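First the structure, in the form of structure tokens, and then the observations on it.
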Number of protein chains: 2
Amino acid sequence: MAQHVHGLEDYPRPSVAVDTAVLTVAEGALCVMLLRETGKDPWRLPGTFVHPGERLVDAATRALREKAGVSSIHPRQLHVFDAPDRDDRGWVMSVAHYDVLPAASLASDRVRLVPVAELPPLVYDHAEIVAFAVDAVRGAYRGSPDPSHLLEEPFTMRGLRRLHEAVLGRRLLPDTFRRAMLSGLAATGELFAEGRGRPAELYRRA
Amino acid sequence: MAQHVHGLEDYPRPSVAVDTAVLTVAEGALCVMLLRETGKDPWRLPGTFVHPGERLVDAATRALREKAGVSSIHPRQLHVFDAPDRDDRGWVMSVAHYDVLPAASLASDRVRLVPVAELPPLVYDHAEIVAFAVDAVRGAYRGSPDPSHLLEEPFTMRGLRRLHEAVLGRRLLPDTFRRAMLSGLAATGELFAEGRGRPAELYRRA
DNA sequence: TGAATAGTGTCTTTGAGACAATATCAT
DNA sequence: ATGATATTGTCTCAAAGACACTATTCA
């Protein structure tokens with residue numbers, strides 16, 4: 001990479017960070033993964049500064065692996081938070097990212113899963129980043145069945161509906177939900193019985 | 001602003017630029033404002049590096065005023081383009097922005113309005129930025145009447161429809177369009193006659 | 001059999017899309 | 001009157017929402 005070519009050395013540059021809101025569903029609620037450096041710091045999202053030659057998505061992935069022990073992640077860009085005084089360490093822009101992962105892959109003693117409806121105070125503008133991420137994920141779950149692959153296949157219609165109810169934060173009518181999702185599903189023909197009642201058919205994503 | 005505090009001085013930093021796609025409607029087509037430094041350079045979007053303490057939106061506004069003579073602009077953030085080799089001068093990220101302005105306010109000998117359907121080759125990834133901007137603007141014009149205030153009030157339903165047809169790049173049915181837009185409009189009660197035919201009612205945005 | 005759960009039938013409402021009819025003006 | 005344009009009526013179709021019904025299983 002050619003550094004210090006004409007036009008680039010004249011400007012002071014900002015530090016560019018990435019911060020990622022990792023969302024999941026745990027105990028029937030949409031949760032965000034938070035961590036804190038020490039026991040008394042406020043909660044924060046995992047983030048890091050971008051290294052030279054690194055893509056933003058790779059920086060976000062690296063931060064999650066190193067700081068939260070999370071792998072197999074594919075962060076997506078949300079928004080740049082650029083208030084000059086947002087970070088008291090200096091001029092730092094944060095490119096917010098988000099991703100959605102199964103809660104099982106977030107098991108670590110370094111992190112805590114917190115329902116997005118009960119957020120504690122977060123550093124800087126991290127609460128705003130969570131709000132952006134929640135909007136993006138809820139939008140995706142309105143239109144298609146489990147776009148983030150939180151469920152293991154195959155799954156029942158009831159399981160899929162419970163997941164969507166957790167993500168959206170509201171109850172869904174079983175019949176309306178079924179008809180909205182069927183076009184994006186493939187029936188396996190297999191059945192799954194759980195306790196009483198008629199067994200449910202098992203589906204995969206189409 | 002506190003510079004060189006712990007943790008910030010250790011990392012080489014990228015140059016952060018803003019590039020803005022200014023869209024408008026001219027001669028019945030959605031156009032983007034392009035400029036070039038010299039006569040033989042390829043076409044480009046107006047952009048600049050972000051100055052210390054400056055917000056991205058202010059940098060974009062400054063670039064448009066200085067390089068294209070455009071004022072009264074309110075750029076909105078689209079996406080960060082961060083390929084490490086996207087700019088041959090070095091490590092440069094570009095935060096893409098867009099805005100929509102009346103063609104009359106873009107009159108300048110430094111710029112050219114080009115229909116987005118007939119883009120010439122652009123520098124770097126500027127064609128991709130234009131594509132992002134076109135998607136955003138078309139999405140906004142699908143749902144509500146002239147959200148970017150391109151039309152002077154009051155206007156006729158026909159004028160509004162011609163504008164939306166230009167933005168979306170396809171013909172719209174007069175009656176369907178009218179019914180889709182009426183909820184976002186306020187009828188003035190005044191009429192406007194243009195040549196033959198029944199005079200059209202004049203509307204304002206609701 | 002009865003309770004519980006899964007799935008379907010169907011009615012209503014809403015809106016898009018499309019075609020046809022009516023209204024109002026210039027010539 | 002005739003042509004041109006504006007506006008409304010109405011038909012069809014599809015999808016969401018909601019309620020009621022049928023189907024299948026366990027206790």
Side-chain angles (χ1 to χ4, degrees), chain A residues 25 28 135 137-147 150-206, chain B residues 28 135 137-147 151-206:
Chain A
V25 167
D135 281 353
V137 173
R138 287 191 169 151
Y141 272 79
R142 250 181 281 274
S144 59
D146 189 21
L150 286 175
L151 282 185
E152 297 253 358
E153 294 182 327
F155 46 78
T156 66
M157 193 64 73
R158 179 194 185 83
L160 182 66
R161 179 163 49 86
R162 290 273 181 265
L163 171 67
H164 280 243
E165 288 175 342
V167 170
L168 299 179
R170 61 187 174 89
R171 280 311 185 90
L172 298 170
L173 290 179
D175 49 359
T176 302
F177 177 76
R178 153 184 294 273
R179 275 184 265 253
M181 292 296 133
L182 265 184
S183 67
L185 295 175
T188 63
E190 299 161 36
L191 299 180
F192 174 77
E194 174 190 40
R196 275 175 300 214
R198 173 173 168 176
E201 186 157 15
L202 288 169
Y203 295 88
R204 299 177 185 280
R205 298 179 200 89
Chain B
D135 281 352
V137 173
R138 286 191 170 150
Y141 271 79
R142 250 180 282 273
S144 58
D146 189 21
L151 280 186
E152 297 252 0
E153 293 184 324
F155 46 77
T156 66
M157 193 63 75
R158 179 193 185 84
L160 182 67
R161 178 164 50 87
R162 289 274 180 263
L163 171 66
H164 281 241
E165 287 175 342
V167 169
L168 299 178
R170 60 185 175 88
R171 279 312 184 90
L172 298 170
L173 290 179
D175 47 1
T176 302
F177 177 77
R178 152 184 293 274
R179 275 185 265 252
M181 291 296 134
L182 266 183
S183 66
L185 294 175
T188 62
E190 299 160 37
L191 298 180
F192 174 77
E194 175 191 40
R196 276 174 300 215
R198 174 172 167 175
E201 186 157 15
L202 288 168
Y203 295 89
R204 300 177 184 279
R205 299 179 198 86

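Below, chains carry the letters A, B, ... as their sequence lines are ordered, and counting in each starts from 1. Values in this document were obtained by computation on a predicted structure and should not be read as measured data. Below, all heavy atoms of this structure are taken into account, side chains as well, without hydrogens, waters or symmetry copies.
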- Item | B:Arg161 CZ - D:dA6 C1' separation (whole Å) | 10 Å

- Would you kindly compare A:Thr176 and A:Arg198 by the position of their nearest DNA chain D nucleotide and give the one closer to the 5′ end? A:Thr176

- Remember a base hit wins even if backbone is also touched, and classify B:Ala200 as base, sugar-phosphate or nothing at under 4.0 Å, heavy atoms. sugar-phosphate

- Item | A:Leu191/A:Leu202 under side chain to side chain contact (heavy atoms under 4.5 Å, CB included): CA gap, chis, key distance, verdict | CA-CA 6 Å; A:Leu191 299 180; A:Leu202 288 169; over 6 Å; no

- How long is the line joining CZ of B:Arg170 and P of C:dA16, in whole Å? 12 Å

- Query: With a 4.5 Å limit on heavy-atom distance, are the side chains of A:Met157 and A:Leu185 in contact?
  - Reply: yes

- Query: Taking all atoms of both residues into account, what is the closest heavy-atom pair of A:Ala187 and A:Glu201, and its distance?
  - Reply: CB-OE2, 3.5 Å

- Item | Test side chain to side chain contact (heavy atoms under 4.5 Å, CB included) applied to B:Arg196 - qualifying residues, sequence neighbours left out | none

- Note on the structure: When rounded to whole Å, the CD to P distance for the pair B:Glu201 and C:dC25 reads 12 Å

- Length of the line joining B:Phe155:CZ and D:dA6:C1', which is rounded to integer Å: 16 Å

- Send over the distance from B:Glu190 CD to C:dC25 P, rounded to a whole Å. 15 Å

- A:Leu160 CG to C:dG7 C1': how many Å, rounded? 15 Å

- Quick one: on DNA chain D, does A:Pro199 or A:Leu173 contact a more 5' nucleotide (nearest heavy atom)? A:Leu173

- In whole angstroms, the gap separating P of C:dG17 from CG of B:Leu172 amounts to 9 Å

- Separation between NE2 (A:His164) and CG (A:Leu150), nearest 0.5 Å, reads 9.0 Å

- Are A:Arg158 and C:dA6 close enough that a side-chain N or O sits under 4.0 Å from OP1 or OP2? yes

- Task: Scan nucleotides 10-15 of chain C nucleotide by nucleotide, 5' to 3', and note B when protein non-hydrogen atoms come under 4.0 Å of the base, S if they reach only the sugar-phosphate, - if neither.
- Result: B-----

- Does C:dC25 have OP1 or OP2 sitting under 4.0 Å from an N or O in the side chain of B:Arg196? no

- Query: Could you state the CG-C1' distance from A:Leu185 to C:dG7, rounded to the nearest angstrom?
  - Reply: 14 Å

- Query: OP1 or OP2 of D:dT8 less than 4.0 angstrom from a side-chain nitrogen or oxygen of B:Arg178, does that happen here?
  - Reply: yes

- Task: To the nearest 0.5 Å, tell me how far B:Phe155 CZ sits from B:Arg205 CZ.
- Result: 5.0 Å

- Query: Base, sugar-phosphate, or nothing: which does A:Glu194 touch, judged by heavy atoms less than 4.0 Å apart?
  - Reply: nothing

- Message: Could you work out, with salt bridge (charged side-chain N to carboxylate O under 4.0 Å, His left out) as the rule, every residue matching A:Arg171, not counting sequence neighbours?
- Response: A:Glu165

